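To start, the structure under review is shown below, and the notes come after it.
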Amino acid sequence: QVQLVESGGGLVQAGGSLRLSCAASGRTFSSYAMGWFRQAPGKEREFVATIDRSGDQTRYGDSVKGRFTISRDNAKKMVSLQMNSLTPEDTAVYYCAATQDFIIRTRTGEYDYWGQGTQVTVSS
């Protein structure tokens with residue numbers, strides 16, 4: 001089992017950057033593929049990015065490609081999301097998630113564990 005705690009959210013102006021972090025507990029962090037999702041008010045939870053167990057393979061949602069970068073440090077049990085060129089449309093609660101699948105996943109139902117989320121607000 002793994003517990004996830006996100007941090008790094010906040011208020012930023014359009015065009016700015018934020019870096020989200022997700023700290024994991026447990027001894028088997030490297031056994032999990034990790035993902036970031038987001039949910040804006042009144043909308044469904046949306047896939048943002050995912051990274052495989054080793055960090056070699058990543059995938060991004062179409063709306064964030066070229067602007068966001070996911071990375072992980074298995075020694076520190078951390079996964080991060082660097083967000084650049086933010087727009088008001090990126091405003092949402094961002095969630096970190098973990099899955100024990102061998103391959104990366106992009107659907108919420110494919111993830112086993114979730115953090116509580118961190119709010120990101122981008123002002124225009």
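Just so you know, these numbers come straight off a predicted model, no measurement behind them.
Atom CD of Q119 sits in a crowded spot, with more than 12 heavy atoms from other residues, nucleotides or ligands closer than 6.0 Å. Within a 6.0 Å sphere centred on CZ of R59, heavy atoms belonging to other residues, nucleotides or ligands number 12 at most. More than 12 heavy-atom neighbours from other residues, nucleotides or ligands sit within 6.0 angstrom of CD on Q100.
Here V5 is tied to no hydrophobic group at all, with no ILVMFWY side chain closer than 4.5 Å.
Scanning all heavy atoms of the two residues, the minimum distance from M34 to V79 falls at CE-CG1, 3.9 Å. In this structure, I51 and T58 approach most closely via the heavy-atom pair CG1-CG2, 3.7 Å.
Distance alone, capped at 3.5 Å, places no donor-acceptor pair between the S25 side chain and the V2 backbone. T118 contributes a side-chain N or O that, together with a main-chain N or O of G9, makes up a donor-acceptor pair within less than 3.5 Å. D101 places no side-chain N or O within donor-acceptor distance of the main-chain N or O of I103, the cut-off being under 3.5 Å.
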Compile the donor-acceptor pairs under 3.5 Å between side chains in residues 11-24 and protein atoms, sequence neighbours left out, one pair per line.
from: S17; atom 1: OG; to: N84; atom 2: OD1; distance (Å): 2.9
from: R19; atom 1: NH1; to: Q82; atom 2: OE1; distance (Å): 3.2

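For the atom pair S31 OG and N74 CG, the distance stands at 9.0 Å (nearest 0.5 Å). In this structure, the separation between CD on E44 and OG1 on T108 is 8.0 Å, given to the nearest 0.5 Å. Here S123 contributes atom OG and L86 contributes atom CG; the two are 10.0 Å apart, rounded to the nearest 0.5 Å. To the nearest 0.5 Å, atom CG of residue D90 and atom CZ of residue R67 are 4.0 Å apart. Note: Q3 CD to Q116 CD = 10.0 Å, rounded to the nearest 0.5 Å. Distance check: R53 CZ to R72 CZ gives 9.0 Å after rounding to the nearest 0.5 Å.
For residues 33-52, the set of pairs meeting the ring pair (Phe, Tyr, Trp, His ring centres under 6.0 Å) definition, not counting sequence neighbours, comprises F37-F47, F37-Y111, F37-W114. Note on residues 51-94: no pairs pass ring pair (Phe, Tyr, Trp, His ring centres under 6.0 Å), not counting sequence neighbours.
S63 and E46 form a side-chain donor-acceptor contact under 3.5 Å, judged by distance and modelled atom types alone.
For the pair Y113 and Q1, the minimum side-chain heavy-atom distance is below 4.5 Å. Residues R38 and V64 meet the side-chain proximity criterion, which asks for heavy atoms closer than 4.5 Å.
R107 is linked by a side-chain hydrogen bond (donor to acceptor under 3.5 Å, both in side chains) to nothing, counting only residues two or more places apart in sequence or in another chain. Take S7 and apply the side-chain hydrogen bond (donor to acceptor under 3.5 Å, both in side chains) test, not counting sequence neighbours, and it matches no residue.
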